Number of protein chains: 6
Amino acid sequence: MASGAGLGRIDGRRRDQIRPVKVTRNFTKHAEGSVLIEMGDTKVICTASIEEKVPPFLKGKGAGWVTAEYAMLPRATHDRSPRESVKGKQGGRTLEIQRLVGRALRAVIDTGRLGERTIWIDCDVIQADGGTRTASITGSFIALADAVGVLRKKDLIKVNPLTDYLAAISIGKVGGQVMVDLAYEEDSHAEVDLNLVMTGAGQYVEVQGTAEKTPFNKKDMDEFLDLGWGAIRELVDLQKSLIGSLS
Amino acid sequence: MASGAGLGRIDGRRRDQIRPVKVTRNFTKHAEGSVLIEMGDTKVICTASIEEKVPPFLKGKGAGWVTAEYAMLPRATHDRSPRESVKGKQGGRTLEIQRLVGRALRAVIDTGRLGERTIWIDCDVIQADGGTRTASITGSFIALADAVGVLRKKDLIKVNPLTDYLAAISIGKVGGQVMVDLAYEEDSHAEVDLNLVMTGAGQYVEVQGTAEKTPFNKKDMDEFLDLGWGAIRELVDLQKSLIGSLS
Amino acid sequence: MASGAGLGRIDGRRRDQIRPVKVTRNFTKHAEGSVLIEMGDTKVICTASIEEKVPPFLKGKGAGWVTAEYAMLPRATHDRSPRESVKGKQGGRTLEIQRLVGRALRAVIDTGRLGERTIWIDCDVIQADGGTRTASITGSFIALADAVGVLRKKDLIKVNPLTDYLAAISIGKVGGQVMVDLAYEEDSHAEVDLNLVMTGAGQYVEVQGTAEKTPFNKKDMDEFLDLGWGAIRELVDLQKSLIGSLS
Amino acid sequence: MASGAGLGRIDGRRRDQIRPVKVTRNFTKHAEGSVLIEMGDTKVICTASIEEKVPPFLKGKGAGWVTAEYAMLPRATHDRSPRESVKGKQGGRTLEIQRLVGRALRAVIDTGRLGERTIWIDCDVIQADGGTRTASITGSFIALADAVGVLRKKDLIKVNPLTDYLAAISIGKVGGQVMVDLAYEEDSHAEVDLNLVMTGAGQYVEVQGTAEKTPFNKKDMDEFLDLGWGAIRELVDLQKSLIGSLS
Amino acid sequence: MASGAGLGRIDGRRRDQIRPVKVTRNFTKHAEGSVLIEMGDTKVICTASIEEKVPPFLKGKGAGWVTAEYAMLPRATHDRSPRESVKGKQGGRTLEIQRLVGRALRAVIDTGRLGERTIWIDCDVIQADGGTRTASITGSFIALADAVGVLRKKDLIKVNPLTDYLAAISIGKVGGQVMVDLAYEEDSHAEVDLNLVMTGAGQYVEVQGTAEKTPFNKKDMDEFLDLGWGAIRELVDLQKSLIGSLS
Amino acid sequence: MASGAGLGRIDGRRRDQIRPVKVTRNFTKHAEGSVLIEMGDTKVICTASIEEKVPPFLKGKGAGWVTAEYAMLPRATHDRSPRESVKGKQGGRTLEIQRLVGRALRAVIDTGRLGERTIWIDCDVIQADGGTRTASITGSFIALADAVGVLRKKDLIKVNPLTDYLAAISIGKVGGQVMVDLAYEEDSHAEVDLNLVMTGAGQYVEVQGTAEKTPFNKKDMDEFLDLGWGAIRELVDLQKSLIGSLS
């Protein structure tokens, strides 16, 4: 399969072009924040749930907590994957992703302003076509902002604890070309895969680059970061248009 | 809370009236059958996945298998429920429901005609408002029929293994009144709760009645079964209009 | 194997005839209630243990709790079954049965009168020949009554919290014939299997009917319930003769 | 509590006197060997189950295997102990005991003569009053012999693989006095506790002595072994009278 | 392989001769007691960690606790053994050993003098060549003494809670000869294997003798205990020279 | 604590200076490769074990596999951490690290040349003072090379499958200053933490940068990568001097 190789991309996109993004807020009715984010054929439900207590290590310290969990429906993928509850534990990939999502969101929230409460982020992939972890981050930020909005509407917090917008994108080197927002087919042929999480101000929160097939050099790295920021800027613009200012 | 009591229902429905039903086929792209079923605010993704092998106890016997798994997204419910993969096992309620779904579907499929393959049914509740197990059964039957359709289109099976339609409904006694398709608020006040699974021909596949608060009598039972069949007939009609004949 | 088919039953019983029942109270010495119940070759040890605390969700509410656990000795069955403690979890069938036993017993006990304590019911099948879950319910009720007797003798509760007797029986359709109290050999050939739990007053607590091979109709259902009540009445008479009145 | 101290034992036994022993063979009907052994108030069901295969490490080597599992019913003890299947694993004490039982039995069976099959020993304590592990060994030997008898009756093995009788007893030092076959009340006050497994020929298979409170000396040790052999000889005599010769 | 048979031992040692022992204190820097013990090629890191709380069953009783855990690095052994954290549970052998280590140490510590704190002993085998459990006990005693020393230096305890020295050795019968401190190669051919734990005063704390291949008699037993004490005396002398007096 | 802030580092090192490195090969005797790597007070045992089979997904494909597992001794850290085998599962951090180690090593080995065998890498931290994952990678590469050497000496592989050297280092921004090879005390105050894995040729294999406290910018990133390569070059030089050329 020569997908991703040569001059063009499998779906005709430019190398710096992200897939169509669609965000549906209030996708389900119970959660304080509930977002369906679609990036091309990747679809993730991100909910934010407020719990009026904090983990033991934070008790009595006046600060809150944000934590995330991630899962895929068994048939979100091309072949059915066994359910982790049946296997009796979450796999390494799942734990890695949910740790990343939680850590990234905590980088743009002042937990002191949140008060002694936890916001649980749940990212459930209902259809996977590459980039589920980055879509989870971008979508979860919106769900988190909506949950914060609920707390502010109820006057439970005075000042917005969110300090900046937060979005993420994957960048890869496929067939020698650097490109953003890889679909699954592209991702599975990538020589290098980099996940980038950035703030609205253009600062790095997470940079996770992996040589899947071939080690890469500084020139590649610079191009990854450059293209990545271009894509993230678009996602942040979308977040701004949906959420408004963070003041 | 006097909900469900007195003359009317919380949403003004008649006692024998089911909630608006909406079925979206091909809801996700990878599964051979993929259905989003909505009954009022209860929303379940039912997928059917074909695997070209059977469990050990069926190996070499020329027959196939249908099995089901069930889960709820953590925030499908009013309060967030812990993820079963994090707890390290499926709970009793989950196991009970998925055993019910699998057993019910196997009652209307001739596994000998299916060939040595397994169809995995996955029911994932994305929003819960009562009746998730019955919605799972009604929706899964359609996903199963779609997966069977894929096998027939590929000429992998000659004769339709489905022997009848299959749908399910909950019936309850709330505030002394018998009513069908209970929403969560009604269900939580029910004296008796009965889940009914029936074939298109009006035969019983599963009858599971439980006195939640008050034991019940034969007259109640007759009314449960009578009202239940009325509701199931509507669901079967919908299945027929979507799937067509089973020949 | 034509067992169960035709005119008679494998052991010559009438269709409405239960197997010989034997109840040994105080079967073991430590438990507050300890019953060995034998229904034909099915033998279950049912113990009731009093614990002076309640689960978290009941703390401080002034009410008690009754809960049940169920297991089979590995060689209670024809072939040895793996020990669930070795497998690391209870199976779906086990969880289903113990949830049923606990729920059924709670239907005939006024937990407000029990005080803030838990009664643990343990049903351990030492020999299985069909109907282990129904024997567990019938036997556990007696163990529960004995444990309640201990509490009353110690003046720890004033009014009998038991509101009625409780017994259970299996009914099946085997070779086209409806019959009660199926032995394993009959059960394994049954087209339909129904477990019925009723109070001494003849009201339904649980009705769980399953089409194992062939869906069934209303006439079958009526016959199941009718025959079932006949059998349960005998078991309740036995309970009355052992326990005496519930006042 | 001065139990065990001073001149006498709590139940008036002599220091070298075992409790009344009762063995019921064919206690349950499915197992090839099924024994209820009672030593005073300690009651254990020991079954032996034949499986026509061996563990992977023995495949194709022409030899058989004997392995044991041990459990206590939750209310076999004075206070109810949590079920290990619910806790999700067998505890250290359980594993230690079942390893001991299996190892001890393997010391008196020539697995080469057994053929490529496994005999599973299940020891399930239904009432505990001290000495459950030693009763398990003594009773399991009889169940094992009965299972071997089944194999010989079917002509599946030619020569008796059992090379000697096998029995076990506990010995303890309580209140400064050495005594055999400790009841729970004595055991819980013991300074030293020793479990002894011996063959019919009077040889040692296992000697497990533990200073529970006070280290002990060689004179104690000699007395433990001496008294222990006296008790084991009685148990072996009982085994001989039940099983007959091992030729 | 005729190892261990005949006149000599595989490494030329006398039957009563232990392997070269080397103890490195303060082997790692964080633990209050940290000992690398080497007995020939068997190498175990024993650490003692002080925790200022006790298990629930000791809360408020004014006494402390000593408990032990044991593990082997996957490649401590000739063939790599699977990691127990990956398998999801500790095996029976591991649990047996760590229960033995903890129990043995508790026999020489007056927990009342320790105060309400726990000392955690961790024995991690980095290279195994027979006798890992006995080396763990001998080494852990030194780590425990060092941790006690830390508490005394901080004036957290007034009187030395250690009541005697404690060491352990394995003794075996190999090729008909009784010998001490078996290397793995000898151990794997032993007819009998006995682990002995004794105090500095020459009293028994644990005697665990197992007939691996052939039951043994009283004469063997006496020889095991005699040779064992000779070896343990050497280890106790080493402990004395390192730790000094226990006053 | 002002550690790491201001002009100097806690141990007086320059910002671009790594801690003293010490590598002990053949640290334990059973493993084909066995390395103790010490970077300052961080000490990790890295073993490489050869297994003559591959995971199922590689069976029959003619290629080999390299996989890694990671753990810390309970008291490798300042406070004792619970043993993962006791908790019943590996934590997210552990899984993340061992996935990283395995992935990184696979980037410099031509698994086709390895033949159908697996090399298991085990990284066991016996003392932790920051940078355990990077020390694990650097040390494991040497253990892997030694295991490859064993295979070549036995003529089991013809051509060296290692395609380049591989080492790793941590870089952080602490108190506004970028520095390499953070000790634990520095790491716990870092605003940004980046782990870098590079080949001997100076190409990137993994870049994992995380804003622990403050998002960072491109200038920081460039400095991280620049300083990191300086440190890794030293480690690669050490590897070359130990292993020699890879031809």
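What you see is a predicted model; the values in this text were computed from it and never measured. Residue numbers start from 1 in every chain, and the chains themselves are labelled A, B, ... in the order their sequence lines are given, proteins ahead of strands.
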Enumerate the inter-chain donor-acceptor pairs under 3.5 Å for chain F and chain A, one line per pair.
residue	atom	partner	partner atom	Å
F/E96	OE1	A/R99	NE	2.6
F/R99	NE	A/E96	OE1	2.7
F/Y204	N	A/F216	O	2.7
F/Y204	O	A/F216	N	3.0
F/V205	O	A/A211	N	2.9
F/E206	OE1	A/T210	OG1	3.1
F/E206	OE2	A/T210	OG1	3.2
F/V207	N	A/G209	O	2.9
F/V207	O	A/G209	N	2.8
F/G209	N	A/V207	O	2.8
F/G209	O	A/V207	N	2.9
F/T210	OG1	A/E206	OE1	3.0
F/T210	OG1	A/E206	OE2	3.1
F/A211	N	A/V205	O	2.9
F/F216	N	A/Y204	O	3.0
F/F216	O	A/Y204	N	2.6
F/K218	NZ	A/D222	OD1	2.7
F/D222	OD1	A/K218	NZ	2.8

*asked:* If I compare all heavy atoms of A/I37 with all of A/C46, which pair ends up nearest, and what's the gap?
replied: CG2-SG, 4.2 Å
With heavy-atom distances below 4.5 Å as the criterion, would you say the side chains of [X] and [Y] are in contact?
X: F/L73; Y: F/V125; value: no
X: A/V101; Y: A/I97; value: yes
X: F/V180; Y: F/F224; value: no
X: F/I45; Y: F/C123; value: no

*Contact part of F/M198 toward chain A, heavy-atom cut-off under 4.5 Å: side chain, backbone, both or neither?*
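Neither; nothing under 4.5 Å.
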*Any chance you could measure A/L100, atom CG, to A/L95, atom CG, to the nearest 0.5 Å?*
12.5 Å
*Go through F/V236 and F/L166 one step at a time and tell me if the side chain to side chain contact (heavy atoms under 4.5 Å, CB included) criterion holds.*
CA-CA 7 Å; F/V236 167; F/L166 185 87; over 6 Å; no
*asked:* Quick check on the interface: out of A/A201, A/A211, A/G209, who has the most heavy-atom pairs with chain F under 4.5 Å?
replied: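 Option with the top pair count is A/G209.
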